[in-house]
Every structure is written in C-alpha cells, then in structure tokens.
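Worksheet: the structure to be examined is printed underneath.
Keep in mind that the numbers below use all heavy atoms, side chains included, and drop hydrogens, waters and symmetry copies. These numbers come from a predicted model, not from an experiment.
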Amino acid sequence: MSNLASVEMALPSTGRFEKSRLELINRLFDGFDGKLTSSKWAAIAKCSPDTALRDITDLIASGVLMKSDAGGRSTSYEPKPLD
C-alpha cells in the first residue's frame, strides 16, 4: 500500500483535504527537504497561514503528523511513523 493510501485511510472522512494537500502529505513521507513549518505548508499548498495551521492541527489530531521537539517560532512538524 502506498504512503498516500495509508494517509488517506488515517484521515477522517470530512472531505476537507483535497487531492493537492494529500499529495503534499505524501511528499512528506517520501522525503521532505528541511523541516515542515506552517509557513512552508502555506507556500506549498498555496493557502493562507491560518488554513495551513488548521490543516496541520487536523493532521496531528488524526495521527498523521507530530510536533517536533522545538517550540515557539521554531515549531516544526514531522510525519508520524506508519505502523
């Protein structure tokens, strides 16, 4: 099963994540250069910073992403290992 299929199964079926965002999530699991931040998410997904933070918060709640150790302005996120 591909990472994208695994991620789609882990997400709630709210229809909130469109295909472009699922492809971005898949890119994270396939190897993302650097650290993922909400501002990078907003730039790549072409959405507002608020939408990016909501997307990331939804993914954390769904068990797809987790917060890295650094906090504050250095907050970054990484994929949670798939079991």
- [ ] Please assess Thr57 against Tyr77 for the test side-chain contact (heavy atoms from CB on, under 4.5 Å), listing each intermediate value before the final yes or no.
- [x] CA-CA 10 Å; Thr57 302; Tyr77 308 91; over 6 Å; no
TODO: Measure the CE-CG distance between Met66 and Leu59 for me, rounded to the nearest 0.5 Å.
DONE: 13.5 Å
TODO: Just do the side-chain contact (heavy atoms from CB on, under 4.5 Å) check on Leu65 and Leu36 with the steps written out, would you?
DONE: CA-CA 10 Å; Leu65 291 180; Leu36 175 67; 4.2 Å; yes
Measure across [X] and [Y] and return the closest heavy-atom pair with its distance rounded to 0.1 Å.
| X | Y | value |
| --- | --- | --- |
| Ala52 | Cys47 | N-SG, 3.8 Å |
| Lys80 | Gly63 | CD-O, 3.4 Å |
| Ile60 | Lys67 | CD1-CG, 4.4 Å |

Open item on the list: Under 3.5 Å, is there a donor on one side chain and an acceptor on the other for Arg54 and Thr51?
Closed with: yes
Open item on the list: Closer than 3.5 angstrom, by distance alone: can the side chain of Lys40 be matched with the main-chain N or O of Lys35 as a donor-acceptor pair?
Closed with: yes
- [ ] Could you tell me whether the side chain of Ile56 reaches within less than 4.5 Å of the side chain of Ser38, counting heavy atoms only?
- [x] yes
Open item on the list: Suppose we screen for side chain to side chain contact (heavy atoms under 4.5 Å, CB included). Which residues come up paired with Ser39, at least two apart in sequence or across chains?
Closed with: Thr37
